[in-house]
There are 2 protein chains.
Amino acid sequence: MDNNVTVDDKGKLKCSIEYTLQKIGGKWKTVILWHLSVEGTYRYNELRRLLPGVTHKVLSQQLKELEADGLINRKQYNEMPPKVEYSISERGITLMPLLQEMHKWGTENGEMN
Amino acid sequence: MDNNVTVDDKGKLKCSIEYTLQKIGGKWKTVILWHLSVEGTYRYNELRRLLPGVTHKVLSQQLKELEADGLINRKQYNEMPPKVEYSISERGITLMPLLQEMHKWGTENGEMN
DNA sequence: CGGCATCCGAAACGATACTG
DNA sequence: CAGTATCGTTTCGGATGCCG
């Protein structure tokens, strides 16, 4: 098993596991992806209601990053009032086995306080 | 598919995915576990050399948390000079499928700059 | 409605020095 | 050798207000 951990010239770690963590490590990202994968599509404020505790700024931040990373799609309707729909992307779907593993491990090992 | 996302009375998210993320979300934790799973046992300073860039404090912090979470074992020899060996625990081994998924996804999706 | 800008506090991370 | 203590920095998340 190759561990695939290398280091660049500045001492920074270059590791595919760390790369993955960077993409989904945000506090709400996994949950957002999880919701979108289940339901298919949500509007901005619908997501907000699904994630009690998340603030305005942080939610849009995480959505933006997820979109920038190609993990979700953002569809904007130019209406008044505005309407934006988020859905999981093809690439985001490839994360599902991983999320399921995380969910499985957490369920089997977490005391859930 | 049950999304297994609930909220406690303080608005805090209780979700098995987030639980997993808390356990392995530290900057070096996955890499430490990965190394230990490959090699079996490392001494403190060996790990340090494997993780260029990690500082003294942060490494011992992460090791301490991993140990507290039962994911690694710490064996201390009362010699002079001191000798401490870290190894992966039974519980830590249950994380391997997850780490492999993370590694796989990162390899397939990461540009690795 | 769906943002963005600003400010703030907390937490994570890091550099350095000291210790049994 | 394998840490701990202290301090500083950086990053992340949160509160609030403004805007098209």
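All heavy atoms count here, side chains included; hydrogens, waters and symmetry mates do not. As the structure is a computational prediction, the values presented were derived from the model and not from experiment. A, B, ... follow the sequence lines: proteins, then strands. Residue 1 opens every chain.
Between A:K64 atom NZ and C:dA5 atom C1' the separation is 11 Å, expressed in whole Å. Look at CG on A:L59: it is 10 Å from C1' on C:dG3, rounded to the nearest Å. Between B:L63 atom CG and D:dG3 atom P there is a gap of 7 Å when expressed in whole angstrom units. Summarising the geometry, the separation between CD on B:Q22 and C1' on C:dA11 is reported as 13 Å, rounded to the nearest angstrom.
Listed pair B:R43 / D:dC1 fails the phosphate criterion, with no side-chain N or O lying under 4.0 Å from OP1 or OP2. Between A:K57 and the phosphate of D:dG17, there is no side-chain N or O to OP1/OP2 separation shorter than 4.0 Å. An OP1 or OP2 oxygen of C:dG14 is reached within less than 4.0 angstrom by a side-chain nitrogen or oxygen of B:K27. A close approach under 4.0 Å does occur between a side-chain nitrogen or oxygen of A:R74 and OP1 or OP2 of C:dG3. Between C:dG3 and A:Q76, no contact under 4.0 Å exists linking OP1 or OP2 to a side-chain N or O.
For A:H56 against C:dG3, a side-chain N or O and a base N or O form a donor-acceptor pair under 3.5 Å.
Proximity of the aromatic rings of B:Y19 and A:H103 is defined here by a centroid distance below 6.0 angstrom, and this criterion is not met.
Between A:T41 and A:L36, every side-chain heavy-atom pair lies at or beyond the 4.5 Å cut-off. Taking 4.5 Å as the limit, every side-chain heavy atom of A:H35 sits out of range of all side-chain heavy atoms of A:Y86.
Each of B:T55 and A:Y86 lies near DNA chain C, and the nucleotide nearest A:Y86 is the one positioned closer to the 5' end.
Each end of the helix from C:dC1-D:dG20 to C:dG20-D:dC1 gets its own axis, taken as the rotation carrying the C1' atoms of four end pairs onto the next four within a five-pair window, and the two axes meet at 40° to the nearest 10 degrees.
No side-chain donor-acceptor contact under 3.5 Å links A:Q100 to the backbone of A:P97.
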